[in-house]
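Structure first, commentary second.
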Amino acid sequence: MDTFEVNGRRKLSGNVKLHGAKNSALPILAATILIEGETVLHNCPDLSDVNTTLSILESIGCTVRREGDTVIINAENVSCSDIDECVMRTMRSSILFLSSLISRTGCASVYLPGGCDIGTRPVDLHIKSIKNMGAVITENGSSIKCCADKFHGAKIILPFPSVGATENILIAAAISKGKTIIINPAREPEISDLAEFLNKCGAKIYGAGETTIEIEGVEKLHPCEHTIIPDRILASTYMSACACSGGTIVIEDVRPSHLSPVFPVFNEMGCKLYLKDNALKVVSPKRLRRVRMIKTLPYPGFPTDSQSPIVAALTVAKGTSVLKENIFENRFRYVNELNRFGADIEVNDRLAVINGVKELNGSEVYATDLRGGAALVVAALAADGKSTIHSIHHIDRGYSHFEECLAGLGADIKRINNEESETKKTSEKKQI
């Protein structure tokens, strides 16, 4: 398994460009099944989750090719409605294939999805919603089989603005019969990006990003070319790395409105933020200041995916910061690993109290999940001495060539392929 080795206490400087949003690319890729023809997606990130999704598309009969950050999918010959259980267990977003496969083939046979262990993420809202739209569903332990001749419109009221459920409904409603209304949908920028993509293909979706979405079902969709929005969570991770380790960086290709929920937190930490066109300049202070209270909430509130790297930055802030996690009950699993650096974080249920320390020390730690893994990298960049981060396959799910991008900003970080190292050692021993 690969690891990251980091020598900390290097001030970051320079420019870095954002790749496409993981949480936008995955539902859009799933939606390409609806289109009998060639879809061209630009700014599609090179991530393990994206590559798994492309493998799923190939397994059901699509042809896929990648040219740099552009991916071309031809779904003309979709011939299968089953997704392998092992693949489903590797990532949460595989559940998005449920509605697209039913719309295209009339049936879908999938398994309960996996992904990061950050708390309970039931799929009951997904199931209930497409059931209301005409799907007949059979559940057998971990497997789900759904069939429908054609989805029909429905009025769906979500008790919680679930991102995944909203995406599944949008995909199902796009080529359904009649009108679908979603009350209390998720409002994340990634929802709007999915709606924009579908509309380019001929869908009629109105109100994405607002408190009510209306979808007029159409008979069929046509191919299109679309550019995926930049990754706002990656942007907040770079901001955290700069704030924690010192220095000044410029993040290119940002959407300022997407980052507005996190800007006040960095201002309170003492960072100076300058926007010019689509570039964000982050100037870190000599020492960060504490943040009185952060509460994670559905968009446009503070994003739960940004909290882990920001907590890592706050470990070296002056004073005590408090963060309340309102989305996932198990999101603080990474805290024990952060404390190995010498951080002082206390967790009580969904509340984390971060007592800032003067400095962190290099340590050997293990990534517990995607965003928690990024938090360990942020801490290692600020720590005095060498750190080793294991289980970085979690990080690869959402950060493309993370170590190379950080090295381009002056960080001393490299990826170590331990299998190659062991092979080399064994070979050297044999020669002796």
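The structure presented is a predicted model; accordingly, all values stated were derived computationally and were not measured.
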Let me know which of Asn326, Thr368, Asp305, Asp369 forms a side chain to side chain donor-acceptor pair (under 3.5 Å) with Arg331.
Asp305
Among Gln307, Glu325, Lys324, whose side chain to side chain donor-acceptor pair (under 3.5 Å) with Thr296 holds?
Glu325
How long is the straight-line distance from [atom2] of [Y] back to [atom1] of [X], given to the nearest 0.5 Å?
X: Ile392; Y: Thr3; atom1: CD1; atom2: OG1; answer: 6.0 Å
X: Glu167; Y: Ile28; atom1: CD; atom2: CD1; answer: 9.0 Å
X: Phe4; Y: Leu381; atom1: CZ; atom2: CG; answer: 10.5 Å
X: Cys242; Y: Phe266; atom1: SG; atom2: CZ; answer: 9.0 Å
X: Cys44; Y: Leu26; atom1: SG; atom2: CG; answer: 8.5 Å
X: His126; Y: Leu98; atom1: NE2; atom2: CG; answer: 9.0 Å

Does a side-chain heavy-atom distance below 4.5 Å link [X] with [Y]?
X: Pro230; Y: Arg255; result: yes
X: Thr166; Y: Glu188; result: no
X: Lys204; Y: Val218; result: yes
X: Val50; Y: Arg66; result: yes
X: Leu323; Y: Leu314; result: no
X: Ile182; Y: Ile215; result: yes
X: Val254; Y: Leu275; result: yes
X: Ile60; Y: Ser81; result: no

Restricting to non-hydrogen atoms, name the atom on [X] and the atom on [Y] that form the minimum distance, rounded to 0.1 Å.
X: Ala75; Y: Ile35; value: CB-O, 3.3 Å
X: Ile169; Y: Ser129; value: CD1-OG, 3.5 Å
X: Ile102; Y: Cys146; value: CD1-CB, 3.3 Å
X: Val378; Y: Ala313; value: CG1-N, 4.2 Å
X: Cys271; Y: Ser284; value: SG-CA, 4.4 Å
X: Ile310; Y: Ser240; value: CG1-OG, 3.3 Å

In sequence, state the C-alpha distance, the side-chain angles, and the governing distance for Ser99 and Asn168, and then conclude on side chain to side chain donor-acceptor pair (under 3.5 Å).
CA-CA 6 Å; Ser99 55; Asn168 248 325; 2.5 Å; yes
Derivation of the side chain to side chain donor-acceptor pair (under 3.5 Å) call for His226 and Asp193:
CA-CA 9 Å; His226 180 74; Asp193 200 28; 2.9 Å; yes
Please work out which of the three classes, parallel, tilted or perpendicular, describes the rings of Phe402 and Tyr238, given edges at 30° and 60°.
tilted
Should Glu403 and Lys414 be marked as a salt bridge (Lys or Arg N to Asp or Glu O under 4.0 Å) after you check the CA-CA gap, both sets of side-chain angles, and the distance that decides it?
CA-CA 6 Å; Glu403 74 283 5; Lys414 58 184 176 180; over 6 Å; no
If you count heavy atoms of other groups shown closer than 6.0 angstrom to CG of Asp149, is the number above 12?
no
Should we say atom NZ of Lys11 is surrounded by more than 12 heavy atoms from elsewhere, each under 6.0 Å from it?
no
Where do Lys179 and Glu216 land on the side chain to side chain contact (heavy atoms under 4.5 Å, CB included) test, with the steps shown first?
CA-CA 5 Å; Lys179 178 190 283 189; Glu216 292 280 357; 3.0 Å; yes
Criterion side chain to side chain donor-acceptor pair (under 3.5 Å) on Asp46 and His401, from CA distance to verdict
CA-CA 8 Å; Asp46 182 16; His401 306 286; 3.3 Å; yes
Does Asp253 pair with Lys17 as a salt bridge, N-O distance under 4.0 Å?
no
